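What you are looking at is a predicted structure, and each value in this text was computed from that prediction instead of being measured.
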Amino acid sequence: MTHLLARSVVIRRLLIVFMIGGFGWIDLLTGYEFSFALLYLLPVFVAAWYDNKFISGLSVLSSVLVWFYADYSSGHVYSYPIVPYWNALVRIIFFGIVAVLLYKVRGNLNAMTQMAMQDTLTSLDNSRAFNLEYQQIRRHGIKKNQKLAIGIIDLDGFKTVNDTLGHSKGDDILVEFAQILRSSTRSTDTVARLGGDEFVVILQNTNTQGAEDYSQRLRTVFNQSGLKQRYGVDFSMGISLFEALPEDLDEATHQADQLMYKSKMSGKSRTTIHVA
């Protein structure tokens, strides 16, 4: 249910309207002796947690107006004419505070989740995020009957840079190479840092020619970056193509990892492609 609310704007907003209208109708039928104030917080919660600020504010105002109409129409007699308007103002402030707090908690939670899924140095996905992406892509690929490829990339000569120029310069190289990877990879594909100087990509809806094109594009952008000329580093890559990704992530990455090491054993600075 929560996944559906997060994904479907139409269903989410229809639910908000249905709840506000439904609670108002029940409130009107039962009269002023029964209070349904807390129930009106439910559409406010859905709007603040799953939608934007405008919809949140609109749900707050709509909930209070519906409550005000139900209370006024029930024949509730107040000691002063201003009392129902004062109550409505208090509810607007209270519901508004709840909506703002929920919106802030949601933003902080999303930021913390993103930090937990992001490599702190390169801002690429980390291994935890890659694992989740892999399972989603695998299920999607099976449904669509798509060919996919996994590529493992390892920098050549990186240890020498760390030993001679220091880890700070090594970190700079990793950040720059991550930018090269991101700019060379399609938005529909996935790129992550596994750790150290090892990176991984998932190419969706591709074949042998697509894998070769990607390898060539990445190497072209890398050569244009000047990293090799400045620091003497290069990269070796292994790409394994699959009719369907294995259920076990380690099995899939192991095959690509073996191909990457084959590239290194064959002289480095090259890509080995194989259909699994």
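The side-chain contact (heavy atoms from CB on, under 4.5 Å) check on W86 picks up L89, V90, with sequence neighbours excluded. Under the side-chain contact (heavy atoms from CB on, under 4.5 Å) criterion, E251 pairs with P246, D248, Q255, sequence neighbours left out. Residues forming a salt bridge (Lys or Arg N to Asp or Glu O under 4.0 Å) with R230 (at least two apart in sequence, or on another chain): E176. With sequence neighbours excluded, the residues satisfying salt bridge (Lys or Arg N to Asp or Glu O under 4.0 Å) with K228 are D234. In this structure V98 satisfies the side-chain contact (heavy atoms from CB on, under 4.5 Å) test together with L41, F94, L102, sequence neighbours excluded. In this structure, the ring-ring contact (aromatic ring centres under 6.0 Å, His included) partners of Y85, at least two apart in sequence or on a different chain, are F68.
The number of heavy atoms from other shown groups lying within 6.0 Å of CD (E247) does not exceed 12.
The main-chain N or O of T272 is found under 3.5 Å from a side-chain atom of S263 such that the two form a donor-acceptor pair. Distance alone, capped at 3.5 Å, is enough to place a donor-acceptor pair between the S225 side chain and the F222 backbone.
Within the structure, ring pair (Phe, Tyr, Trp, His ring centres under 6.0 Å) pairs that include any residue of residues 239-276 do not occur (at least two apart or interchain). Counting only residues at least two apart or on different chains, the side-chain hydrogen bond (donor to acceptor under 3.5 Å, both in side chains) pairs with a member in residues 179-192 are T185-Y214, R186-D189. Annotation: salt bridge (Lys or Arg N to Asp or Glu O under 4.0 Å) contacts involving residues 76-87, sequence neighbours excluded, are absent. Contacts classified as salt bridge (Lys or Arg N to Asp or Glu O under 4.0 Å) and involving residues 45-68 (residues at least two apart or in different chains) are given here: R12-D51, R13-D51.
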Cut-off 3.5 Å, no hydrogens considered: what does the side-chain donor-acceptor table look like for residues 151-160, sequence neighbours left out?
from	atom 1	to	atom 2	distance (Å)
D154	OD2	K264	NZ	3.1
D156	OD1	S236	OG	3.1
D156	OD1	K264	NZ	2.4
D156	OD2	S236	N	3.4
D156	OD2	S236	OG	2.8
D156	OD2	S269	N	3.0
K159	NZ	D163	OD2	2.9

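Ring orientation note: the planes of W49 and F45 are close to parallel, at an angle under 30° on the 30°/60° scale.
Side-chain contact between D197 and F177 is absent, with no heavy atoms from C-beta onward closer than 4.5 Å. Side-chain contact between V46 and M19 is present, with at least one heavy-atom pair separated by less than 4.5 Å. You'll find the side chain of I180 reaches within 4.5 Å of the side chain of L218, heavy atoms only. Residues L245 and I150 have side chains in contact (heavy-atom distance under 4.5 Å, counting atoms from C-beta outward). For the pair V66 and F23, the minimum side-chain heavy-atom distance is 4.5 Å or more. Residues R219 and F235 form a side-chain contact, since some pair of their non-hydrogen atoms from C-beta on lies under 4.5 Å apart. Looking at I92 and L61, their side chains come closer than 4.5 Å, going by heavy atoms from C-beta outward.
A salt bridge does not link R193 to E198: none of the charged side-chain nitrogens sits closer than 4.0 Å to a carboxylate oxygen.
In this structure, V10 shares a hydrophobic cluster with L14, the cluster being traced through Ile, Leu, Val, Met, Phe, Trp and Tyr side chains under 4.5 angstrom apart.
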Quick one, F199 with D119, criterion side chain to side chain contact (heavy atoms under 4.5 Å, CB included). Give me CA distance, side-chain angles, the key distance, then yes/no. CA-CA 11 Å; F199 300 83; D119 179 61; over 6 Å; no

